[in-house]
Amino acid sequence: MEQRVSLITLAVADLERSRRFYETGLGWAVVSGETEGIVCFQLGGLVLALYGREAFAEDAKLTGPAEAVRPSVALAHNTRSRAEVDAVMAEAVAAGAHPQKPAAETFWGGYAGYFADPDGHLWEIAWNPFSPLTEDGCFLWQA
């Protein structure tokens, strides 16, 4: 697994309120409008994504009431190929990670899965055919 964080996802209670906070309050520019319930901000070579708690919990296959979902942050490692997602997931599990959600086709046309590290921190491993990594590994959002 290459050393890289591509995306940080925050599970938020109110997507529009959070969008206003980052966009209007902090002056950050949205790189895409709300796409399938996700709002993204490009931060150099990585992306900060805001995702409604219910949708986040469903996507990561977390259980319990959405307002109590923990973790409410996920780090994402994007890969250069679909096959690399499976390889990274297997490597993480072999190293002691808990497979949270097996890698599978996504609703947005990519391929992704989740694992939790030994302390429960959630990682999404994803291949996004619409936003390929740059040569140096930067993730640039393209909706």
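When a residue number appears, it is its place in the shown sequence, counting from 1. Since the model is a prediction, treat every value here as computed from it, not as a measurement.
Annotation: side chain of L10 is in contact with side chain of Y22 (closest heavy-atom distance under 4.5 Å). Y114 places a side-chain heavy atom less than 4.5 Å from the side chain of D59.
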Next item on the list: Determine, step by step, whether R19 and T24 satisfy the side chain to side chain contact (heavy atoms under 4.5 Å, CB included) criterion, reporting the C-alpha distance in whole Å, the side-chain angles of both residues, the deciding distance to 0.1 Å, and the verdict.
Entry: CA-CA 8 Å; R19 177 186 179 144; T24 305; over 6 Å; no

Next item on the list: Check step by step if side chain to side chain contact (heavy atoms under 4.5 Å, CB included) holds for L75 and I8.
Entry: CA-CA 5 Å; L75 303 172; I8 299 169; 3.9 Å; yes

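In this structure, the side chain of S6 does not engage the main chain of H77 through any donor-acceptor pair within 3.5 Å. When atom types are taken as modelled, the side chain of K101 and the backbone of F115 share no donor-acceptor pair closer than 3.5 angstrom. Judged by distance alone, with hydrogens and angles left aside, the side-chain atoms of E54 form no donor-acceptor pair with the main-chain N or O of F56 at under 3.5 Å. A donor-acceptor pair under 3.5 Å is formed between the side chain of Q42 and the backbone N or O of L46.
Note on V93 and Y111: separate hydrophobic clusters, where clusters join Ile, Leu, Val, Met, Phe, Trp and Tyr whose side-chain heavy atoms are under 4.5 Å apart, directly or indirectly. Tracing side-chain contacts under 4.5 Å through hydrophobic residues (I, L, V, M, F, W, Y), one reaches M1 starting from V5; they form part of the same cluster. Hydrophobic clustering (side-chain heavy atoms under 4.5 Å, transitive across Ile, Leu, Val, Met, Phe, Trp, Tyr) groups V12 together with V30.
Legend: salt bridge (charged side-chain N to carboxylate O under 4.0 Å, His left out) pairs involving residues 72-82, not counting sequence neighbours, sorted by first then second residue: E2-R80, R82-E105.
Note: W28 and F41 have perpendicular aromatic rings, judged against thresholds of 30 and 60 degrees for the angle between ring planes.
Considering every non-hydrogen atom in both V85 and A103, the closest pair reads CG1-CB, 3.8 Å. Nearest heavy atom pair, residue N78 against residue R4, reads O-NH2, 2.8 Å. Here the closest heavy-atom approach between residue I38 and residue L15 is recorded as N-CD2, 4.4 Å.
Of the inter-residue distances, the one linking L133 atom CG with L140 atom CG reads 8.5 Å to the nearest 0.5 angstrom. Rounded to the nearest 0.5 Å, atoms CG (D14) and CZ (R53) are 10.0 Å apart. Here the straight-line distance linking atom CG of L48 with atom OG of S18 works out to 10.0 Å at 0.5 Å rounding.
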Output a table of donor-acceptor pairs, distance under 3.5 Å, between side-chain atoms of residues 122-130 and any protein atom two or more places apart or on a different chain; print 'none' if there are none.
residue	atom	partner	partner atom	Å
N128	OD1	F130	N	2.8
N128	OD1	S131	N	3.2

